[in-house]
*Asks:* 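My structure is below; once you've seen it, I'll send some questions.
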Amino acid sequence: MFLHGTSRINKNGHLEIGGVDTVEIVEQFGTPVYVYDIALIRERARGFKETFDRLGINAQVAYASKAFSTVAMVQLVDQEGLSLDVVSGGELYTALAADFPVERIHFHGNNKSLEELEMAIEHQIGCIVVDNFYELELLTSVCEMKQAKAKILLRVTPGIEAHTHDYILTGQEDSKFGFDLQNGQAASAVKMALESNHLDLLGLHCHIGSQIFDTTGFILAARKIFTKLNEWKNEFGFESTVLNLGGGFGIRYTKEDDPIAPSQYVEEIIKEVKAQANAFSMTVPEIWIEPGRSLVGDAGTTLYKIGSRKDVPNVRKYLAVDGGMSDNIRPALYEAKYEAILANRPLDEVEETVSIAGKCCESGDMLIWDLPLPKAENNDILAVFCTGAYGYSMANNYNRIPRPPVVFVENGLAHLVVRRETFEDIVRFDLSLSQKVNN
Ligand SMILES: Cc1ncc(COP(=O)(O)O)c(C=O)c1O
Ligand SMILES: N[C@@H](CCCC[NH3+])C(=O)O
């Protein structure tokens, strides 16, 4: 059986999460609905922090809010004492709306706008991760204008190909992100930052990709970075007080996935960082990481209702649900795989193999191919596991489908944290032909 965190099958034979029967969640909030197991998010957050404490490393664990950002989620991150990585004005605004402590916010992105940088400086956020030369200049001019000094990291691209889907690789030389470590761009950026009166260069940042199952890529990246840090110590007298090694720790979407445990990622990376610092006679820098998926991925479950069925004799059985690529675009985008069960039926009587179709007008809107299930009937509830990361955050209104609500469950209580979009919401920004608007 493939159950995470507090998920279990209760005495009624129903899936229960956080002590709440999913059949009741569906009665109360309808479908589709994203359900988050809050105890599991807390456990993961504490696990990362405890590992660093145990290893005696000064660290910041910054939750990558691109994985799943809402005001309530950001408040939960604050409760757990993590930092927060934001990647746009919208994510920053969400953090501010949640009253997240500004000094623990880190701002990412490969094309931050003038307005976004102004917003970051005005709110005195903890750190800006500068991605490119254009941004270095733009940020300097914003700081000049506002007579401010910004704490920054420089994002470097180490030239590492992590083993993951091509679309979620970021550390290779041919990447849109960061200053190249090998060709001299990163060295120039360090020099420029050190010479600026408006920038306080704390150190370097590197993120090699997402859904990575081992530490080989992280270790190679750390080695390349330390080799350069050693050169720069001699050339510019620069010492990195912070080293941010990004996120990307993989999770188990299916029984075939075999990532190492979150604590093992940290232990192996820190071992290498200590060895490198020792080899170059450097002080071990403060280590920051940015897990997104590994904090929230398996804490999220999407509940759908089964609707139509189509049998293509001797070929395939299709079961359609009341959501699809509008609430989970990952299968269409990355051929991502998921496990699912019927949430309102005992698990033991698997009778058929079906393929789960979404309701969008795209042949590619298939959530799961060839899933063994009990014989499902109309209105049965399908629970798709591990949808907590990049599900709600990448949801869209394709076919003008309203986005589902988000419900947090913990200790037997269900709490609505994002309400369901309505058809009124769908036309909220539309203007009729007769309306004249200036901009
Ligand atoms: C800069 C940066 N940090 C952190 C993350 C979080 O990655 P993940 O959700 O795989 O942990 C991402 C996304 O890949 C990212 O681009
Ligand atoms: N959105 C991607 C990961 C990209 C992470 C952001 N750099 C996913 O669903 O797997």
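Everything numeric here is computed off the predicted structure, so don't read it as measured data. Note that ligands are numbered from 1 as they come in the structure, with each ligand's atoms numbered from 1 the same way. In what follows, residues are counted from 1 in the order of the sequence shown.
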*Asks:* Within ligand 1, which atoms have a heavy atom of Asp85 less than 4.0 Å away?
*Replies:*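 Close to Asp85: 3 (N), 4 (C).
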
*Asks:* Taking distance alone, with N or O pairs closer than 3.5 Å, would you say Lys66 contacts ligand 2?
*Replies:*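 No, there is no polar N/O contact under 3.5 Å.
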
*Asks:* Please tell me whether Thr31 and Asp322 have a donor and an acceptor in their side chains that are separated by less than 3.5 angstrom.
*Replies:*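 Present: a donor and an acceptor within the cut-off.
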
*Asks:* So if I count the atoms of ligand 1 from 1 in the order they appear, which ones are less than 4.0 Å from some heavy atom of Tyr390?
*Replies:*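 It comes down to these atoms of ligand 1: 6 (C), 7 (O), 8 (P), 9 (O), 13 (C).
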
*Asks:* Look at atom 10 (O) of ligand 1 and find which of Gly246, Ser210, Gly250 reaches it with the closest heavy atom.
*Replies:*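 Nearest heavy atom to atom 10 (O) of ligand 1 lies in Ser210.
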
*Asks:* Just which atoms of ligand 1 are under 4.0 Å from any heavy atom in Glu290?
*Replies:*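 Within the 4.0 Å cut-off of Glu290, ligand 1 contributes 1 (C), 2 (C), 3 (N), 4 (C), 5 (C), 6 (C), 11 (O).
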
*Asks:* Hey, does Tyr390 come in under 3.5 Å of ligand 2, counting only N/O atoms on both sides?
*Replies:*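 Looking only at distances, the answer is no, because the N/O contact criterion of under 3.5 Å is not met.
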
*Asks:* Taking salt bridge (charged side-chain N to carboxylate O under 4.0 Å, His left out) as the definition, give me every residue that meets it alongside Arg316, ordered by chain and number, with sequence neighbours left out.
*Replies:*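 Checked Arg316 against salt bridge (charged side-chain N to carboxylate O under 4.0 Å, His left out); matches are Asp370.
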
*Asks:* Using a 4.0 Å cutoff against the non-hydrogen atoms of Lys66, which atoms of ligand 1 qualify?
*Replies:*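 Checking each atom against Lys66, I get 2 (C), 3 (N), 4 (C), 5 (C), 12 (C), 13 (C), 15 (C), 16 (O).
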
*Asks:* Can you tell me if Lys271 has over 12 outside heavy atoms packed within less than 6.0 Å of its NZ?
*Replies:*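 Check fails, neighbour count at 12 or below.
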
*Asks:* Within a distance under 4.0 Å of any heavy atom of Arg293, pick out the atoms of ligand 1 and give their elements.
*Replies:*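 It comes down to these atoms of ligand 1: 8 (P), 9 (O), 11 (O).
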
*Asks:* Who's closest to atom 16 (O) of ligand 1 heavy-atom-wise, of His207, His205, His106?
*Replies:*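 Result: the heavy atom closest to atom 16 (O) of ligand 1 is in His207.
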
*Asks:* Does even one non-hydrogen atom of Ala67 get within less than 4.0 Å of ligand 1?
*Replies:*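 It does not; every heavy atom stays at 4.0 Å or beyond.
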
*Asks:* Less than 4.5 Å apart, side chain to side chain, heavy atoms only: is that true for Val354 and Trp369?
*Replies:*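 Contact flag for Val354/Trp369 side chains = no.
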
*Asks:* In terms of atom number and element, which parts of ligand 1 are under 4.0 angstrom from non-hydrogen atoms of His108?
*Replies:*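 With His108 as reference, the close atoms of ligand 1 come out as 1 (C).
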
*Asks:* Assess, by modelled atom type and distance only, whether the side chains of Trp288 and Glu290 contain a donor and an acceptor separated by less than 3.5 Å.
*Replies:*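 Side-chain D/A pair, Trp288 to Glu290: absent.
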
*Asks:* Under 3.5 Å between any N/O of Arg293 and any N/O of ligand 2: does that happen in this structure?
*Replies:*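 Between Arg293 and ligand 2 (N or O atoms, distance only) the closest approach is under 3.5 Å.
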
*Asks:* Considering only heavy atoms of Ala64, which atoms of ligand 1 have at least one such atom less than 4.0 Å away?
*Replies:*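 Close to Ala64: 4 (C), 5 (C), 6 (C).
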
*Asks:* When you check the side-chain N and O atoms of Glu410 and His415, is any donor under 3.5 Å from an acceptor?
*Replies:*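 Checked: Glu410/His415 side chains show no N/O donor-acceptor pair below 3.5 Å.
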
*Asks:* Any carboxylate oxygen within less than 4.0 angstrom of a Lys/Arg side-chain nitrogen, looking at Asp298 and Arg44?
*Replies:*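 Looking at Arg44 together with Asp298, the answer is yes, because their closest N to O distance falls below 4.0 Å.
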
*Asks:* Could you see which bit of Met394 sits under 4.0 Å from ligand 2, with heavy atoms only: side chain, backbone, both or neither?
*Replies:*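 For Met394, only side-chain atoms sit under 4.0 Å from ligand 2.
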
*Asks:* Sequence neighbours left out, what passes salt bridge (charged side-chain N to carboxylate O under 4.0 Å, His left out) with Lys191? Give chain and number order.
*Replies:*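 For Lys191 the salt bridge (charged side-chain N to carboxylate O under 4.0 Å, His left out) partners, ignoring immediate neighbours, are Glu195.
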
*Asks:* Surrounding CD of Gln124 (heavy atoms of other residues, nucleotides or ligands, distance under 6.0 Å), is the total greater than 12?
*Replies:*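 Incorrect, the count does not exceed 12.
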
*Asks:* Check this for me: does any side-chain nitrogen of one of Asp37 and Arg42 sit under 4.0 Å from a carboxylate oxygen of the other?
*Replies:*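 Not counted as a salt bridge, because no side-chain N and carboxylate O are separated by less than 4.0 Å.
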
*Asks:* Give a yes/no on ligand 1: does Pro291 have at least one heavy atom closer than 4.0 angstrom to it?
*Replies:*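 Right, Pro291 reaches ligand 1.
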
*Asks:* With heavy-atom distances below 4.0 Å as the criterion, list the atoms of ligand 1 near Gly248.
*Replies:*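 Matching atoms, with element in brackets: 7 (O), 8 (P), 10 (O), 11 (O).
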
*Asks:* Between Gly292 and ligand 1, does any nitrogen or oxygen pair lie at a separation below 3.5 Å?
*Replies:*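 Between Gly292 and ligand 1 (N or O atoms, distance only) the closest approach is under 3.5 Å.
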
*Asks:* Less than 4.0 angstrom from a charged side-chain N to a carboxylate O is my criterion; do Glu16 and Arg8 meet it?
*Replies:*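 Salt bridge present between Glu16 and Arg8.
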
*Asks:* When you measure from the heavy atoms of Phe177 to every atom of ligand 1, does any distance fall below 4.0 Å?
*Replies:*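 Contact check Phe177 vs ligand 1: negative.
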
